[in-house]
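Scroll down for the structure; my scribbles are underneath it.
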Amino acid sequence: TDELVVQNSQIKLTFVKSTGHLKTIEMNGVSENIEQNFAIYKGAMGNNGIAQNRSSGAYIFRPDGEVTVLSDKIGYTVYDGAQVKEVHQHVNEWISQVIRLYEGVNRVEFEWLVGPIPIDDDNGKEIVTRFKSGLVSNGVFFTDSNGREMIKRELNKREYFTPNVTESVSGNYYPVTARIALEDSQKRLALLNDRAQGGSSLADGQLELMLHRRLLRDDAFGVSEALNETQFGTGLIARGKVFLILNEAESKPTVAERLAQQEIHLPFWKFFSSSNTASVVK
Amino acid sequence: TEDLDELRQVMGIMQHHDAITGTEKQAVARDYDRLLTDAMVDAQDNARAALRVLTNLSTGQFDSCLELNISVCAFTRESANNVVVTLFNPLAHPSTQFVRVPVKQQQYLVTDERGRAVPSELVPVPWQVLSIQHRPNDTQHELVFKATVDKLANYYIRVLPSPKALQRFERVHSLRHDRNRIEPKDE
């Protein structure tokens, strides 16, 4: 078959062997087709003198045109150990990812590495990770309130007024400081992040998070600089993690998400010594 | 408390909305890096002093690795033969985590304080991480093991002479594109 299975005692991941992309996730007694891709928004270069036509910059996300989804065949290598299983994906010269399962840990880890974002075509770029599932979420999704409760969001709507949504993508982006989730009557899909990011659900069953941005124009909201970090002359490389939890919709799934959040943010600090000076903990 | 106060002060500066959202000027971002790095490095002395109290060591090295986020640790690179990893858990209950330590491609044995072998595995660092500029290229693997920590725990890493004790990863499937490495460029 064209399937590659990577699994531990709790989670089963199925990949499409010929393309290297994730296809299905099974965990917590639930199975769902979940496709994960990286995608690129081209940063708008507008006229900052017109309020609704500003450039994408440090303060605002404003894409120009449609998103480009990197769904082509990707290179990958699988490392299958007893403690940890890893799928190393090589998307292009500046995007890669490790999808990881630790034995006994009930979440899927996506460790992404993006950058330096090329700008030789004179376009700013904003890179997202996108998870597409079959969940019928009816335009509803949830984002956290600075790590506390979850707030219900609805595509193209606001809680207290009827908006005129002129920006179909960024008009539906919300801050995600801890998690973003969606559900239908059967299943719930949640993403937990390791840093504050922007995120949205622009289609039913789909979640996305903004990972890295490199832009060539200032958006005229105050900093007076383009978001174009040129350390080492080439732009920044960013590395981080997104954790995925798939669960039943009815079994208080947010408890598992909150516990996972505590583990993700454990303040472990490692110290190293030479073992010639072996110590004993008092 | 001088070093800790410095760290507290810098953490206060990092609550500014520009530091939180990344809307500071580039020169300010670099200054934030400088302040935070200096404060963290100085506060390591406090951590070392505390660890000396908590262990029987009077002159413990207790090196920290601020580049673990790019899978780099100068200490384990240079003295990988006999390393003690000390883990401090500030929570009020025991906690379990998988520890990843950048090492050279050798065969290792990890033991706990009682000398019991702890299962460990060696995983390659993803090649794109390896190609990051200014990253030393001789630690191309990470040693992974599961640590259970009540308050403080020591794990001992030793290089094994024979290939037997290491549970080496089995590469089950591989499909690669041509790997055109990004050539380093001078600034």
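Just so we're on the same page: letters track the sequence lines, and every chain starts at 1.
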For B:Asp45, all residues meeting side chain to side chain contact (heavy atoms under 4.5 Å, CB included), sequence neighbours excluded: B:Asp3, B:Arg48
- prompt: Can you tell which of A:Pro175, A:Ser96, A:Gly57 has the highest number of heavy-atom pairs within less than 4.5 Å of chain B?
  reply: A:Ser96
- request: Could you tell me which portion of B:Val85 (side chain, backbone, both or neither) has an atom closer than 4.5 angstrom to a non-hydrogen atom of chain A?
  value: both
field: Within-4.5 Å side-chain heavy-atom neighbours: B:Thr86 and A:Lys270
entry: no
query: ring-ring contact (aromatic ring centres under 6.0 Å, His included) with A:Tyr174: which residues, sequence neighbours excluded?
result: A:Phe141
field: Part of B:Thr21 within contact of chain A (heavy atom distance under 4.5 Å)
entry: neither
- prompt: If you count heavy-atom pairs under 4.5 Å between each of A:Val6, A:Leu227, A:Asn228, A:Leu113 and chain B, which one has the most?
  reply: A:Leu113
task: Would you give the length of the straight line joining atom CZ of A:Arg239 to atom CG of B:Asn69, rounded to the nearest 0.5 angstrom?
output: 7.5 Å
message: Would you say that B:Glu121 contacts A:Val84 through its side chain, given a criterion of any heavy-atom pair below 4.5 Å between the two side chains?
response: yes
message: Counting only non-hydrogen atoms closer than 4.5 Å, does A:Val223 touch chain B with its backbone (N, CA, C, O), its side chain (CB onward), both, or neither?
response: both
Name each donor-acceptor pair under 3.5 Å that joins a side chain in residues 99-107 of chain A to protein atoms two or more places apart or in another chain, with its distance.
{"unit_1": "A:Arg100", "atom_1": "NE", "unit_2": "A:Glu86", "atom_2": "OE2", "d": "2.6"}
{"unit_1": "A:Arg100", "atom_1": "NH1", "unit_2": "A:Glu109", "atom_2": "OE2", "d": "2.6"}
{"unit_1": "A:Arg100", "atom_1": "NH1", "unit_2": "A:Glu111", "atom_2": "OE1", "d": "3.1"}
{"unit_1": "A:Arg100", "atom_1": "NH2", "unit_2": "A:Glu86", "atom_2": "OE2", "d": "3.2"}
{"unit_1": "A:Arg100", "atom_1": "NH2", "unit_2": "A:Glu111", "atom_2": "OE1", "d": "3.0"}
{"unit_1": "A:Tyr102", "atom_1": "OH", "unit_2": "B:Arg100", "atom_2": "NH1", "d": "2.7"}
{"unit_1": "A:Glu103", "atom_1": "OE2", "unit_2": "A:Ser9", "atom_2": "OG", "d": "2.4"}
{"unit_1": "A:Asn106", "atom_1": "ND2", "unit_2": "A:Asn28", "atom_2": "OD1", "d": "2.7"}
{"unit_1": "A:Arg107", "atom_1": "NH1", "unit_2": "A:Glu263", "atom_2": "OE1", "d": "3.3"}
{"unit_1": "A:Arg107", "atom_1": "NH2", "unit_2": "A:Glu263", "atom_2": "OE1", "d": "3.3"}

- line: Under a 4.5 Å heavy-atom criterion, the part of residues 24-33 of chain B in contact with chain A comprises B:Glu24, B:Lys25, B:Gln26, B:Arg30
query: Is the NZ atom of A:Lys23 crowded by more than 12 outside heavy atoms at less than 6.0 Å?
result: no
message: Minimum heavy-atom separation for A:Ala58 and B:Gly22, please, with both atom names.
response: CB-O, 4.4 Å
Heavy-atom pair of closest approach, residues B:Phe75 and A:Ser273: CZ-C, 3.3 Å
message: Report which part of A:Glu229 has an atom under 4.5 Å of a heavy atom belonging to chain B: side chain, backbone, both, or neither.
response: both
